[in-house]
Number of protein chains: 2
Amino acid sequence: MIDQIEPRRRNSGMARDSNRGRLVEVLRRQGPLPRVELARSTGLSFPAVSGLTSRLIAEELLCESDTAATSWSDDPDEEDVNGRRRGRPAVLLTLNPEFGRIIAVSLRMNLIETLIADFSGSSLAQSRLEIATRALDTGALCDLVIAQIDAMLEATATPRHRLLGIGIALQGIVNADTGRHLWSPALSVTDIDLAKPVRQAFGAEVVMANDAVAVALGLCAAEPSLAQGLSATIMVGHGVGMGVVVDGEARWGAGASSEIGHIKLGSNGPQCRCGQRGCIEAHLADYALYRDARTFLDLPPAASQQPSEAQMALLRERARGGDPRLEHLFQQAGRALAEAVAATISVLRPHHMILAGPGLQAFDMMRHAYEERLEQAVLPWLLKSTAIYLRPSESAAIVEGMVRRTLRVVDRNHMEATE
Amino acid sequence: MIDQIEPRRRNSGMARDSNRGRLVEVLRRQGPLPRVELARSTGLSFPAVSGLTSRLIAEELLCESDTAATSWSDDPDEEDVNGRRRGRPAVLLTLNPEFGRIIAVSLRMNLIETLIADFSGSSLAQSRLEIATRALDTGALCDLVIAQIDAMLEATATPRHRLLGIGIALQGIVNADTGRHLWSPALSVTDIDLAKPVRQAFGAEVVMANDAVAVALGLCAAEPSLAQGLSATIMVGHGVGMGVVVDGEARWGAGASSEIGHIKLGSNGPQCRCGQRGCIEAHLADYALYRDARTFLDLPPAASQQPSEAQMALLRERARGGDPRLEHLFQQAGRALAEAVAATISVLRPHHMILAGPGLQAFDMMRHAYEERLEQAVLPWLLKSTAIYLRPSESAAIVEGMVRRTLRVVDRNHMEATE
DNA sequence: TCTCTTTAATTTATTAGGTGAAATTAATAA
DNA sequence: TTATTAATTTCACCTAATAAATTAAAGAGA
């Protein structure tokens, strides 16, 4: 039923695997639960859970949920028709939504999405700003992000001291050690430190992440089966990125994100945005497909090399209309995707391989070439031991995932702060 | 000086991060240390260390080392010329070599190496058996391995109950979940369970690992700087494999080893042993180089497609003699190696990238093509953030690494067993 | 030689945070 | 109303840490 975590008795204090922290983690993952169930899933004794929760309630981190109607048990035998059983009814505990709020920002080519959520992870408000991001310099970008966050705080009447954390997902390359943002196709500036000014402006923890990592976390949070073992999520869209998640967490050597899009398919190939030639991205990303299609097709020019969603939809429509040159283009993209999957499986041997992002809306046209190449490019038994999923997720997955990631960091900080 | 590990106070019992376990781990890594130093590097208090060590000594896991002459401090200011300081002299503690013994076996193409070590990791005896491994069936293989282990026990007068663990490193593919050995170029049989019969024969824990992983662990143990962060070790020899080590441990999603050798360089290429075409291994492994060289050169045939060390030495000698066709072959191998490194860096973004194995004895001839291709194939800033090391290690590294790996498992089992 | 200083290790009292068993509480069923 | 049931809390105790004080073993100096 609910996964029985190995009990870790008689330890304490040390933050992330303190029993306090584990209670919060379980509640975060499995929603409102009564104390008995918390004891079962953490392996702690009832008295321990009782004591810990009463302290957490005193700190206002938890609260007793009055929606006693919702049932937490999966076993229908234990309930009568009203969802009520004999005996003292269980009191459901939840993360107290009023404990504080967090903000998630997704920064992409020509688009800044912002979302504010309460401590339980429910969205309170969100905004979407279309703007020519490549035209911004470092200062303007910071100001813009800060203004967006401010607008969200104001819209939900959130005083600044209630803001617990800010998560920023970026398309591009984030150095996990320094937190600096090295390069992004969405920006003309490079090697900027976005975290620091935002942290100074709000005095809240700022969490940076690659957008593929954010999507990967969002997907793993949504489907518990993906949160077990090693999962690799390839994001196909404006670029081709990858996020790696181990047991539902984005812990990794050097930053959880991979530059899979810049593996080369041959020593000579189409020009990639990165300056090198023959990158997987240069066959598969939307800008590459659109650019190549325009060499033989009459299509409207893309603003700053970046086709809009509408323009990509138009391209797909034309391809489905039966143009053999376009068909060939998408077949090429399918092969490039297969190579990305093959390299990932060969190097990482993940349990789960997830293909996500808007680029997969054209997967029907890539499928044949993709499957054909994949079979040639991966050892059969290796392919067999990896489950491949298609999730042509919409952009909301990024902020969703970023909310989860930010909350996890906020939880940890609080556990460390209160010893 | 000695790296200060974050103290993890007031927890216990739970095996692998119990404080007992951490003491053993520190001693395993840093050799004989006095109690004061143990307290410093674990962050525990003196009384805690005192109590824990006295219990470990009672269990005969530790002992007081009488080699008081050796100095454990790196700071020369704190010592006088004799290596002695004022005050009560420190009593060095060591892992008690007499606590038990372990055996490491390396199973490769036409070669079985076996080594027996005491609990402190010092080698006591070893053997080397050349035999046509591909001629063996499952039963004969098991019998052979068991006989080799028996011979080692006898040679060192080790009673069976003193054998704490057996580590077996195999060239090929090990399924970490089931422990079964799926495929190896050294064997004609597939999907065999070597661990079970050996475990039954000796009643000791059996640890299986890929040979590249064993080498990776051995290298990380030998050079502490490699044990920090994510390190990827590519082994070039009879095949091309990779081992991934995170913070000195071989923990990984699906088994710590990678099938990097079977990433494809193009959709059509030379035939690989695995049955597919264009694998990196088919350009880089010794059998491929030798096979291709024989198409235009008069060389003695290799026994069961596997050239001997002498034959490979001959090939290198001829190539250095200046045959342009051989030069081209090794350049091709250099490019294949560059692609392997490029794919690894792009996917994993490791802190350390180690190139190891006998195949690198020809690296001087591959170097130019390797460096040229590497620069084209990896994003420059990504290449810059990865340190690449050359370690054309000899075969001893495999058993060395396997000893470390086996001892770690044995330590853990003991910690769990004694609560 | 005897004492002082220094450093290592241990003893003692205390504390944090867990445990199991039993008591308490709040509901349904009879 | 009373029995039954299940969730939660109380109580007494236990383990493994800590801090402070003590003991141990050496060199240095009179």
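Computed over heavy atoms, backbone and side chain alike; hydrogens, waters and symmetry mates excluded. Here is how names work: the chains are called A, B, and so on, in the same order as the sequence lines, proteins then strands, and each is numbered from 1.
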Comparing A/L52 with B/V49, nearest DNA chain C nucleotide closer to 5' gives the residue B/V49
Quiz item: Looking only at side-chain N and O atoms, does A/N19 come under 4.0 Å of OP1 or OP2 in C/dG18?
Solution: yes
B/L38 CG to C/dT7 C1', in whole Å, measures 16 Å
Nearest-nucleotide check on DNA chain D, B/P47 vs A/S54; residue mapping nearer the 5' end is A/S54
Across all chains, not counting sequence neighbours, the side chain to side chain contact (heavy atoms under 4.5 Å, CB included) partners of A/Q200 are A/K196
To the nearest angstrom, the CG-C1' distance between B/L56 and D/dA16 comes to 14 Å
Atom CZ of A/R22 and atom P of C/dG17 are separated, to the nearest Å, by 16 Å
| query | Under 3.5 Å, is there a donor-acceptor pair between the B/T42 and B/R22 side chains? | reply | no
Exercise. Has the side chain of B/R86 got a donor or acceptor atom sitting under 3.5 Å from an opposite partner on the base of C/dT5?
Worked result: yes
When rounded to whole Å, the CZ to P distance for the pair B/R35 and C/dT7 reads 19 Å
Double-helix bend of the helix from C/dT1-D/dA30 to C/dA30-D/dT1, axes at both ends from 5 pairs, round to 10°, gives 20°
note: B/R40, atom CZ; C/dT7, atom P; distance rounded to Å ~ 11 Å
Residues at least two apart in sequence or cross-chain that pass side chain to side chain donor-acceptor pair (under 3.5 Å) with B/R88, listed by chain then number, are none
A side-chain contact here means heavy atoms from C-beta on lying under 4.5 Å apart; do A/I166 and A/V207 qualify? no
Sorted by chain and residue number, the ring pair (Phe, Tyr, Trp, His ring centres under 6.0 Å) partners of B/F202 (sequence neighbours excluded) come out as none
A/R20 CZ to C/dG18 C1', in whole Å, measures 15 Å
For B/A222, the side chain to side chain contact (heavy atoms under 4.5 Å, CB included) test, sequence neighbours excluded, returns none
Whichever of A/G87 and A/G51 has the more 5' nearest nucleotide on DNA chain D, that residue is A/G87
Whole-Å distance, A/L44 CG to C/dG20 P, equals 11 Å
Establish, with yes or no, whether the OP1 or OP2 oxygen of D/dT9 is under 4.0 angstrom from a side-chain nitrogen or oxygen of A/R88. no
For A/R199, the salt bridge (Lys or Arg N to Asp or Glu O under 4.0 Å) test, sequence neighbours excluded, returns none
Picking from D/dT8, C/dT10, C/dG17, the nucleotide nearest the side-chain atoms of A/R55 would be C/dG17
From CZ of B/F46 across to C1' of D/dT22 the rounded distance in Å is 15 Å
